[in-house]
Amino acid sequence: MGIFSKIKQALSKTKSAISYKFDKLFTGGVLDDDFYDELEMILLSSDIGATVTDRLLEELKEVVDKKHIRTTEPVKEELKTLMKNMLDEHPLPRPPMPMIMMVVGVNGVGKTTAIGKLAARISRAGKSVTIVAADTFRAAAADQLTVWAERAGVRIVKHAEGADPGAVVYDAIASFKAQKTDVLLIDTAGRLHNKKNLMNELEKMNRIIEREAPEGTSIIKFIVLDATTGQNAISQVEVFNEATDIDGIILTKLDGTAKGGVVLPIVCELEVPVVYIGVGEGIDDIEIFKSDEFVDGVFS
């Protein structure tokens, strides 16, 4: 299955939830208040959110007026173009290697799985990867990550359960230097965003990374979000941003929700790009996010 087919399939639930109404809306008819009211309801039902929906409608009306569009058929492509432009306002980070990547997120979002998939993807590209099991709070977290490391064919640095996460990160960076590894991929505990002590621990790890990283090393922070949580994902990014500046988002379980439109408010309201998306359960089922493939996969 090709990359675009994977993304299209992952978005099938979202597309099927709105496709009939969407296609019907843009088949004949005139541009009147009823048209825009119906379009607003469709966008909101796909979890695009009120703020982004209002912006889309406002910009769409400006384009329609400027281009003297009078019927509904051409409006569909104009709307898709606006969506793509919104998603492209915040480009994907492309830091050079060597790189230290810290991955954060709350419990249950699929963080460990995403890290395993990402390690496999980077390794297949010919780069050396070491995974760091800095989640020392959750029982058997390091064991689970070890399984993914073995599947991906990469090294793993881990300590005993209950160890200081900062010490794990410190030792991992020492190994990163000695082995001249391309990418150090750090798993962190699934920190509940209202737990001050856990956020302090995250800040501590961040300080260790900043201090110990070799000169010229890129440092990047990704947050893993579960697409099925919809608008609740936005508040998670806001809180984690207080502990460590988030550079990008890995969006998991996109194939398990009918509200994939949440990608738009995540990117536009938080001004943070979605970098990777989970498109299935296999180790190869993680793809770089592309705005055109996303919009075409939902709104074609």
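All of these numbers come straight from a predicted model, not from anything done at the bench. All residue numbers in this chain count up from 1 along the given sequence.
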Heavy-atom pair with the smallest gap, counting every atom of Glu212 and Lys177
O-CE, 2.8 Å
Note, Thr113 side chain near Thr252 side chain (heavy atom, < 4.5 Å):
no
Decide side chain to side chain contact (heavy atoms under 4.5 Å, CB included) for Leu202 and Thr244; before the verdict, give the C-alpha distance in whole Å, the side-chain angles of both, and the deciding distance to 0.1 Å.
CA-CA 8 Å; Leu202 188 60; Thr244 182; 4.1 Å; yes
Under 3.5 Å, is there a donor-acceptor pair between the side chain of Thr217 and the main chain of Met99?
no
By the salt bridge (charged side-chain N to carboxylate O under 4.0 Å, His left out) test, which pairs, at least two apart or in different chains, include something from residues 90-102?
none
Mind checking side chain to side chain donor-acceptor pair (under 3.5 Å) for Thr228 and listing every partner two or more places apart, or none if nothing turns up?
Asp226
Does Lys221 come within less than 4.0 Å of Asp245, counting only side-chain N to carboxylate O?
no
If you round to the nearest 0.5 Å, how far is CG of Leu39 from NZ of Lys21?
12.5 Å
Evaluate the side-chain proximity of Leu57 to Tyr36: yes if any heavy-atom separation is below 4.5 Å, no if none is.
yes
Are the side chain of Ser16 and the backbone of Ser12 linked by a donor-acceptor contact shorter than 3.5 Å?
yes
Same cluster for Leu56 and Ile234 if Ile/Leu/Val/Met/Phe/Trp/Tyr side chains link at under 4.5 Å?
yes
Below 4.5 Å, heavy atoms only, C-beta onward: do Leu251 and Phe289 meet side chain to side chain?
no
If you compare all heavy atoms of Leu79 against all heavy atoms of Phe26, which two are closest, and at what distance to 0.1 Å?
CD2-CZ, 4.2 Å
Can Met41 be reached from Leu82 by stepping across I, L, V, M, F, W or Y side chains whose heavy atoms are under 4.5 Å apart?
no
I'd like to check Asp182 versus Ser128 (side-chain heavy atoms, cut-off strictly below 4.5 Å). Are they in contact?
yes
Check: Leu60 and Val75 side chains under 4.5 Å, non-hydrogen atoms
yes
With distance as the sole test, does Asp135 use its side chain to make a donor-acceptor pair with the main-chain N or O of Arg138 at under 3.5 Å?
yes
Sub-4.5 Å side-chain heavy-atom contact between Asp54 and Glu40:
yes
Listing, residues 150-168 side-chain donor-acceptor contacts under 3.5 Å, not counting sequence neighbours, or none:
residue : atom : partner : partner atom : Å
Arg155  : NH1  : Thr130  : OG1          : 2.8
Arg155  : NH1  : Ser175  : OG           : 3.3
Arg155  : NH2  : Ser175  : OG           : 2.8
Lys158  : NZ   : Thr146  : OG1          : 2.8
His159  : NE2  : Asp171  : OD2          : 2.9
Asp164  : OD1  : Gly166  : N            : 3.0
Asp164  : OD2  : Lys204  : NZ           : 3.2

Could you state whether Ile186 and Val147 fall into the same hydrophobic cluster, counting links through intermediate Ile, Leu, Val, Met, Phe, Trp or Tyr residues with side-chain heavy atoms under 4.5 angstrom apart?
no
What residues, two or more places apart in sequence or in another chain, satisfy side chain to side chain donor-acceptor pair (under 3.5 Å) together with Lys67?
Glu78
Would you verify whether the NZ or CZ of Lys76 falls within 45 degrees of the ring axis of Phe299 while also being under 6.0 Å from that six-membered ring's centre?
no
Arg55 bridged to Glu59 by N-O distance under 4.0 Å
yes
Hey, does Met102 have a side-chain heavy atom less than 4.5 Å from the side chain of Val169?
no
Report the distance from atom CD1 of Ile209 to atom CD1 of Ile100, rounding to the nearest 0.5 Å.
6.0 Å
What do you reckon, is CG of Asp37 surrounded by more than 12 foreign heavy atoms closer than 6.0 Å?
yes
Give, for atom NZ of Lys24 and atom OG1 of Thr72, the distance between the pair rounded to the nearest 0.5 Å.
12.5 Å
Distance col, row Thr53:OG1 vs Ile48:CD1, nearest 0.5 angstrom, shows 5.5 Å
CD1 of Ile250 to NZ of Lys117: how many Å apart, nearest 0.5 Å?
10.5 Å
What are the two closest heavy atoms between Phe176 and Leu184, and how far apart are they?
CD1-CB, 3.7 Å
Run the side-chain donor-acceptor check on residues 261-285: report pairs under 3.5 Å with partners two or more places apart or on a different chain.
residue : atom : partner : partner atom : Å
Asp284  : OD1  : Arg124  : NH1          : 2.8
Asp285  : OD1  : Lys6    : NZ           : 3.2
Asp285  : OD2  : Glu281  : N            : 3.3
Asp285  : OD2  : Gly282  : N            : 2.8

Between Lys111 (side chain) and Thr188 (backbone), is there a donor-acceptor pair under 3.5 Å?
yes
Is there a continuous path of hydrophobic side-chain contacts, each under 4.5 Å between heavy atoms, that joins Leu254 to Val295?
yes
Rounding to 0.5 Å, atoms CD (Gln144) and OG1 (Thr112) come to a distance of 4.5 Å
Are any side-chain N or O atoms of Ser45 and backbone N or O atoms of Ile42, one a donor and one an acceptor, separated by less than 3.5 Å?
yes
Is the ring centre of Phe222 less than 6.0 Å from the ring centre of Phe240?
no
Smallest heavy-atom separation, Met205 atom then Ala134 atom, equals SD-CB, 4.0 Å
Can you confirm whether more than 12 heavy atoms, excluding those of Phe35, are under 6.0 Å from its CZ atom?
yes
Arg211 and Ile208, any side-chain heavy atoms less than 4.5 Å apart:
yes
Under 4.5 Å between side-chain heavy atoms, hopping through other hydrophobics if needed: is there a path connecting Leu44 to Met83?
no
Measure across Asp88 and Ser291 and return the closest heavy-atom pair with its distance rounded to 0.1 Å.
OD1-OG, 2.9 Å
Polar side-chain atom of Thr181 near backbone of Val129 as donor-acceptor pair, under 3.5 Å:
no
Nearest heavy-atom pair of Ala114 and Val224: which atoms, and what distance?
CB-CG2, 4.4 Å
Mind checking side chain to side chain donor-acceptor pair (under 3.5 Å) for Thr71 and listing every partner two or more places apart, or none if nothing turns up?
Glu73
